[in-house]
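Just below is one structure, and these are the notes that go with it.
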Amino acid sequence: MTARTIRVLAQATGVRVVEERSAPAQLDGCEVWAVNALYGIRLVTSWPGGPAVTADPRRSAEWQRRLVALARP
């Protein structure tokens, strides 16, 4: 449900979403997000033993606000 909500939000705001399988090494230099029902959406800021990822914390806060605005008890 959370992933579907994020896809809808992305489409509504003009953000292109591409889903594909990738090996960790292929994510080197990419922006990586973790999504789940408990924590919503979080920007991956480091990956111990994994690739170097980029991170813009402002984007993370913006996406989290969008999800919180849609939350229902």
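Positions are given from 1 along the sequence. Keep in mind that what you see is a predicted model, and the values were worked out from it rather than measured.
Between Ala55 and Pro57 the shortest heavy-atom distance is O-CD, 3.6 Å.
A chain of hydrophobic side-chain contacts below 4.5 Å, direct or via other Ile, Leu, Val, Met, Phe, Trp or Tyr residues, connects Leu70 to Val35. Hydrophobic clustering, with ILVMFWY side chains joined whenever heavy atoms are under 4.5 angstrom apart, keeps Val8 apart from Val68.
Atom CH2 of Trp63 is separated from atom CG of Leu9 by 5.5 Å, given to the nearest 0.5 angstrom. Between Leu43 atom CG and Asp56 atom CG the span is 7.5 Å, to the nearest 0.5 Å. Here the CD atom belonging to Glu62 is positioned 10.5 Å from the CD1 atom belonging to Ile41, to the nearest 0.5 angstrom.
For residues 23-38, the set of pairs meeting the side chain to side chain donor-acceptor pair (under 3.5 Å) definition, not counting sequence neighbours, comprises Glu31-Trp33, Glu31-Arg59.
Test Val44, Val32, Leu27 against Pro51 for side chain to side chain contact (heavy atoms under 4.5 Å, CB included) and you get one pass: Leu27.
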